[in-house]
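Only one structure is covered here, and it is reproduced in the block below.
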Protein chains: 2
Amino acid sequence: MSEGGGPTTIKAFEERLLEVAERLPKRLRQCAEYVAANKDRIAVSTVAEMAEGAGVQPSAFMRFCQIMGFSGFSEMQKLFRESFVGGWPDYTTRLQHLREKAEGSPSALLAEFVEAGRTSLENLFKTIEPQSLEQAVQVLADAQMIHIIGLRRSFPVASYMAYAFEKMDVPAMLHSTVGRLDNRNAIRSGDVLLAITFSPYSAETIELVEAAQARGIQVVALTDTIVSPLRKYEAITLSVSEVDFGAFRSLSATLCLAIALSVAVGTRRSL
Amino acid sequence: MSEGGGPTTIKAFEERLLEVAERLPKRLRQCAEYVAANKDRIAVSTVAEMAEGAGVQPSAFMRFCQIMGFSGFSEMQKLFRESFVGGWPDYTTRLQHLREKAEGSPSALLAEFVEAGRTSLENLFKTIEPQSLEQAVQVLADAQMIHIIGLRRSFPVASYMAYAFEKMDVPAMLHSTVGRLDNRNAIRSGDVLLAITFSPYSAETIELVEAAQARGIQVVALTDTIVSPLRKYEAITLSVSEVDFGAFRSLSATLCLAIALSVAVGTRRSL
DNA sequence: CTCGATTTGGAATATATTTTCTATTCTGCT
DNA sequence: AGCAGAATAGAAAATATATTCCAAATCGAG
């Protein structure tokens with residue numbers, strides 16, 4: 001029985017559930033009710049668990065799935081699992097293919113990056129914890145001066161934040177390694193260090209963080225994932241995970257977070 | 001080996017991950033990194049899927065689970081499934097909720113920027129003409145050397161492209177105004193100028209474009225809308241219209257285009 | 001360069017889970 | 001009450017998934 005006709009979106013699923021629920025025999029109705037009240041569990045449970053929760057036999061639950069239009073429980077579960085992860089079917093490999101074939105027209109490449117950017121943004125929203133963000137904003141707003149460091153791939157982000165702060169009259173200083181000048185003595189008590197670094201993490205940035213910490217300077221870190229070496233230090237960490245293409249990532253999500261952070265700090269200061 | 005000693009909370013899990021990540025061989029580190037960036041998937045994926053995502057064999061992923069202190073993948077998964085209960089991060093609903101309810105909080109601000117970024121990306125794809133893009137890629141790929149200029153708000157984009165080109169062994173030079181040095185004589189016949197500018201357009205950039213054109217240098221421009229002053233010159237123009245929120249724009253779309261352009265040039269060159 | 005130790009990939013095995021099948025129990029009707 | 005039809009429970013078969021094992025490859029020290 002290869003019914004392709006099952007609901008393909010959560011919304012459609014809910015509609016079908018409603019439509020069907022009325023005309024269901026006892027046990028199957030139990031299933032319907034349990035499912036309606038526990039949609040989120042479908043993704044992470046086995047039929048046995050769902051059946052037990054609904055107070056029925058696994059086989060009954062099975063029939064329920066079929067009545068809903070799926071070939072079985074697995075297919076129904078797939079719907080929920082996919083909608084949970086936001087369905088980004090591993091970009092890394094997709095982009096790699098594109099590169100290998102090199103047949104990708106520039107537009108196709110752009111399309112991939114646009115798509116990657118969009119999912120990264122969605123993901124950003126899921127992974128940033130509001131309280132960390134709030135904390136970061138507070139610390140930066142209270143700073144005498146904000147020192148920004150971000151090298152290589154992170155430099156665009158650092159420079160954009162410096163620009164934004166400047167525009168909002170927030171005292172900020174962009175540390176760079178132009179001419180191998182080392183400005184670390186500019187950091188004074190009451191200041192805050194905003195460190196931005198992504199794999200591969202630049203040693204200079206990490207060193208600066210270490211030096212700052214040793215002197216009791218607060219550190220706010222913008223980094224990728226939690227394996228970042230910055231995690232070792234007691235910094236307020238905001239982590240962004242961005243899809244990348246070999247050594248490149250579009251930075252969409254990172255910049256988005258950066259600008260939101262800047263503006264939040266700017267507005268809070270001027271209160 | 002029935003170690004009951006695995007992490008029992010997500011926090012403990014993250015700590016252990018950090019602790020362990022450093023001293024891990026290649027494949028296992030891939031696992032650690034993938035897991036760090038996709039914690040949410042553990043609950044709804046199979047080992048096979050996780051392994052593929054991390055780019056390793058299932059058995060390697062298995063060993064990773066054991067190193068993390070679990071008896072196997074299932075036990076690790078259990079941790080995530082249990083802590084999964086309720087409130088999954090459905091993007092759309094969460095966004096709406098935040099916008100309405102948490103007005104003024106940093107998270108709400110972030111939500112606005114994320115939304116702005118997403119629509120910008122969508123627009124980007126509509127407004128970029130494939131042939132202009134193609135042309136730009138070709139011209140840049142044929143260049144002896146690419147000179148990049150972008151100041152103020154455009155500087156992050158310029159610097160990122162410089163970084164990307166550098167990584168791909170494409171001869172490129174970032175023109176900046178550090179120390180008021182003027183490098184315009186570095187531009188030689190056969191080179192191409194890549195100018196990036198957005199309203200308010202910096203005079204320096206426009207001047208440089210003018211000077212280049214006068215000497216017969218090809219110019220590729222990245223700008224906003226079609227009213228940009230760069231339009232006057234015979235440049236290949238790629239225009240991005242970025243949705244902005246307040247006085248700032250997240251640059252998501254611009255950077256996306258920038259990176260796509262860079263990678264396209266990089267791959268075409270190496271053919 | 002060689003040896004020993006560690007790490008890896010892939011197939012083989014064990015386990016868990018889904019799905020189907022059938023005897024049995026309900027339900028509604030005459 | 002007795003019958004026909006649908007619904008159900010439970011067990012058995014099929015499938016998918018996790019886990020282990022071992023030979024081959026890789027790495028590092030001497």
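Values reported hereafter were calculated over all heavy atoms of this structure, with side chains retained and with hydrogens, waters and symmetry mates removed. Chain letters run A, B, ... following the sequence lines, proteins first and then strands; every chain starts at 1.
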| End-to-end bend of the helix from C:dC1-D:dG30 to C:dT30-D:dA1 (five-pair axes, 10° rounding)? |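 Rounded to the nearest 10 degrees, the bend comes out at 30°.
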According to ring pair (Phe, Tyr, Trp, His ring centres under 6.0 Å), who are the partners of [X], at least two apart in sequence or on a separate chain?
| X | answer |
| --- | --- |
| A:Tyr34 | none |
| B:Phe165 | none |
| A:Phe198 | none |

Name all residues meeting the side-chain hydrogen bond (donor to acceptor under 3.5 Å, both in side chains) criterion together with [X]; count only those two or more places apart in sequence or in a different chain, and write none if there are none.
| X | value |
| --- | --- |
| B:Gln30 | B:Arg27 |
| A:Thr223 | A:Ser228 |
| B:Glu19 | B:Arg16 |
| B:Glu134 | B:Arg268 |

Protein heavy-atom contacts under 4.0 Å, written 5' to 3' over nucleotides 6-20 of chain C as B (base), S (sugar-phosphate only) or - (none), form the string -SBBB------SSSB
Holding to salt bridge (charged side-chain N to carboxylate O under 4.0 Å, His left out), I want the full list of residues that pass it with B:Glu122, two or more places apart in sequence or in another chain.
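By the salt bridge (charged side-chain N to carboxylate O under 4.0 Å, His left out) rule, B:Glu122 matches A:Arg118.
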A:Glu14 meets the salt bridge (charged side-chain N to carboxylate O under 4.0 Å, His left out) criterion, sequence neighbours left out, with A:Lys39
Between CZ of B:Phe70 and P of D:dT20 the distance, given in whole Å, is 15 Å
| request: Mind calculating the distance between CZ (B:Phe64) and P (D:dT19) to the nearest angstrom? | output: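 So the CZ-P distance, B:Phe64 to D:dT19, works out to 14 Å.
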Tabulated below should be each protein N or O lying under 3.5 Å from an N or O of nucleotides 3-5 of chain D; please produce it.
none

Over 60° means perpendicular and under 30° means parallel, so classify the ring planes of B:Phe73 and B:Phe61, tilted if in between.
perpendicular
